[in-house]
Novice: 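Shown below is the structure under consideration.
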Protein chains: 2
Amino acid sequence: MNFPRVGPMIDESNSTGKVTGRRAALRHVTEEKIFIAAETVFAQAGFGGATMQLIANLSGIAKPNLHYYFGSKELLYRAVLQRIFRMWLRAAEVMDDASTPAEGIGGYIDAKMEISRLNPNASKVWANEVMHGASMIQDCFKDAFFEWTSARISVIERWVAEGKMLPVNARYLLYLVWASTQHYADFGHQITILNHDTPLSDVEWETAKRSVKELVLRGIGAELNY
Amino acid sequence: MNFPRVGPMIDESNSTGKVTGRRAALRHVTEEKIFIAAETVFAQAGFGGATMQLIANLSGIAKPNLHYYFGSKELLYRAVLQRIFRMWLRAAEVMDDASTPAEGIGGYIDAKMEISRLNPNASKVWANEVMHGASMIQDCFKDAFFEWTSARISVIERWVAEGKMLPVNARYLLYLVWASTQHYADFGHQITILNHDTPLSDVEWETAKRSVKELVLRGIGAELNY
DNA sequence: GTCTATATTTCGATAGAC
DNA sequence: GTCTATCGAAATATAGAC
């Protein structure tokens with residue numbers, strides 16, 4: 001699977017053609033700071049509401065340097081999206097290695113819930129991009145995203161054919177898993193409000209994870225052995 | 001249930017204290033045009049990315065008149081949110097009247113899927129607000145939202161106590177239903193991309209609806225009688 | 001109630017010294 | 001590579017004629 005390069009547009013090689021390790025390392029550290037701050041700001045305010053000044057303040061990098069590193073607000077946004085997409089794909093590797101739906105889909109739900117818990121901003125940036133037209137996804141990840149989804153659907157359909165689970169529609173099952181796990185990141189503020197203005201505790205988070213997993217696995221006829 | 005008044009801040013009575021029917025009707029028509037246009041623009045661009053100029057163009061109302069009717073961009077946004085909240089609450093009435101989980105939760109899923117299909121912009125505006133901090137919800141609907149959710153959880157817990165469904169956690173079941181139905185509105189663009197750049201057809205939409213409903217009802221041990 | 005014209009603010013982006 | 005200062009564009013909001 002190949003990804004169109006939309007990241008930092010400045011080559012990591014210098015004008016002589018050699019890579020200067022010192023500079024490359026410094027660039028990497030600075031880029032990481034910018035990435036984390038940008039992800040937070042884009043998640044909290046959306047692309048339109050985000051400002052380069054906010055990203056500069058949060059990252060501790062002067063505003064003109066953001067342009068120096070990423071060229072423009074839009075290119076920075078695309079780089080952030082690409083990072084998120086990569087992490088998102090990795091979460092599904094558990095499905096490919098599993099031999100049973102309980103293991104594969106149950107593990108995928110665990111992985112997605114873990115991402116929602118540890119990287120809520122990443123999930124929000126993605127959700128925001130999709131809601132507002134997904135034009136960057138269309139431009140950059142469309143083919144890779146389509147092929148990746150098709151492959152995962154094939155895995156599920158094979159399990160159905162092998163009689164390891166009930167004949168549910170694989171595509172809409174996948175959508176339900178995405179929705180119900182990412183909900184805990186994207187709608188985290190709503191969940192907090194409904195939890196007496198307190199973020200979910202460790203115990204509550206485990207209960208939520210188990211609830212989603214049990215309900216889905218039972219819904220597809222692939223109960224875990226408790 | 002009472003809602004804090006955050007709508008149009010201009011009284012519908014004139015300075016003499018009497019309501020002039022002609023003016024009130026005209027005001028209502030104009031407000032409706034603004035509401036629909038604002039909902040579309042806020043859904044497509046978020047609060048930060050939305051501009052009063054876009055709303056003016058789409059509604060056919062001159063930009064200064066938007067301020068005349070709603071005071072400010074933020075007050076207009078709050079009024080739009082309140083409208084959405086009301087519609088959202090109505091969809092759950094089917095749960096209160098039902099005597100079985102299959103009827104109540106199945107009907108609720110149908111109603112939410114129907115809203116996602118017919119009012120995708122409304123769902124997106126709400127999702128956007130929640131993702132970006134839900135501060136307006138905190139200010140305006142927090143108590144009503146909390147009490148409404150608690151009441152629905154009680155209904156589900158009663159069904160569990162009566163042995164009409166498996167002992168699932170009612171709160172996280174509700175979240176899963178919200179997430180998996182609103183996904184079809186909020187992530188509509190993503191679903192279209194994965195559907196060969198074609199919006200779901202009537203048949204596909206019915207399949208999706210049935211998939212969600214069957215999976216959830218089976219997951220809570222309340223299968224429909226097919 | 002409506003609209004033209006404009007005031008005021010804020011943001012993305014850049015020039016240029018260091 | 002970094003930062004101060006600033007430009008030019010675009011946004012919210014309003015003044016004031018009709």
Novice: If you take all heavy atoms of A/A91 and A/V94, which pair is closest and at what distance?
Specialist: O-CG1, 3.6 Å

Novice: Any sub-3.5 Å donor-acceptor pair from B/E129's side-chain atoms to B/R78's backbone N or O?
Specialist: no

Novice: With B/R83 as the cation and B/F35 as the aromatic partner, state whether NZ or CZ is under 6.0 Å from the six-membered ring centre and within 45° of the axis.
Specialist: yes

Novice: Just call it for A/A56: base, sugar-phosphate, or nothing, with non-hydrogen atoms closer than 4.0 Å on any strand.
Specialist: nothing

Novice: Could you please name the option among C/dG12, D/dA15, D/dC3 that lies closest to any side-chain atom of B/P64?
Specialist: D/dA15

Novice: Given salt bridge (charged side-chain N to carboxylate O under 4.0 Å, His left out), test B/R210 with B/D110 step by step and report yes or no.
Specialist: CA-CA 9 Å; B/R210 188 157 27 83; B/D110 280 335; over 6 Å; no

Novice: Using whole Å, what does the distance between atom C1' of nucleotide D/dT12 and atom CZ of B/F47 come to?
Specialist: 10 Å

Novice: For B/Q53 and C/dT4, what is the distance between atoms CD and P respectively, to the nearest whole Å?
Specialist: 11 Å

Novice: Taking the basic N atoms (NZ, or NE/NH1/NH2) and the acidic carboxylate oxygens, is any pair closer than 4.0 Å for A/E114 and A/K209?
Specialist: yes

Novice: Please give, in whole Å, the distance from C/dT4 C1' to B/M52 CE?
Specialist: 17 Å

Novice: Report the distance from atom CG of B/L66 to atom C1' of D/dA13, rounded to the nearest whole Å.
Specialist: 11 Å

Novice: Using a cut-off of less than 4.0 Å, is there contact between a side-chain N or O of A/Y68 and OP1 or OP2 of C/dA13?
Specialist: no

Novice: Counting only side-chain heavy atoms from C-beta out, which of D/dT2, C/dG12, D/dC3 sits nearest to A/T30?
Specialist: D/dT2

Novice: Give the rounded distance in Å between these two atoms: CG of B/N57 and C1' of C/dC3.
Specialist: 14 Å

Novice: Look at the side-chain N and O atoms of A/N65 and state whether any lies under 4.0 Å from the OP1 or OP2 oxygen of D/dC3.
Specialist: yes

Novice: Check every atom of D/dG1, C/dA13, C/dG1 against the side chain of A/K63 and return the nucleotide holding the closest atom.
Specialist: C/dA13

Novice: In terms of the nearest nucleotide of DNA chain C, which residue is placed more toward the 5' end: A/A50 or B/L26?
Specialist: B/L26

Novice: Given atom CG of B/L75 and atom C1' of D/dA13, what is their separation to the nearest angstrom?
Specialist: 13 Å

Novice: Between D/dG1, D/dA13, D/dT4, spot the one nearest the side chain of B/K73, thanks.
Specialist: D/dA13

Novice: Please give, in whole Å, the distance from C/dG1 C1' to B/H28 NE2?
Specialist: 18 Å

Novice: From CD of B/E31 over to C1' of C/dG1, roughly how many Å is that when rounded to an integer?
Specialist: 13 Å

Novice: Choose from D/dA13, D/dT2, C/dA13 the nucleotide whose nearest atom is closest to any side-chain atom of B/H67.
Specialist: D/dA13

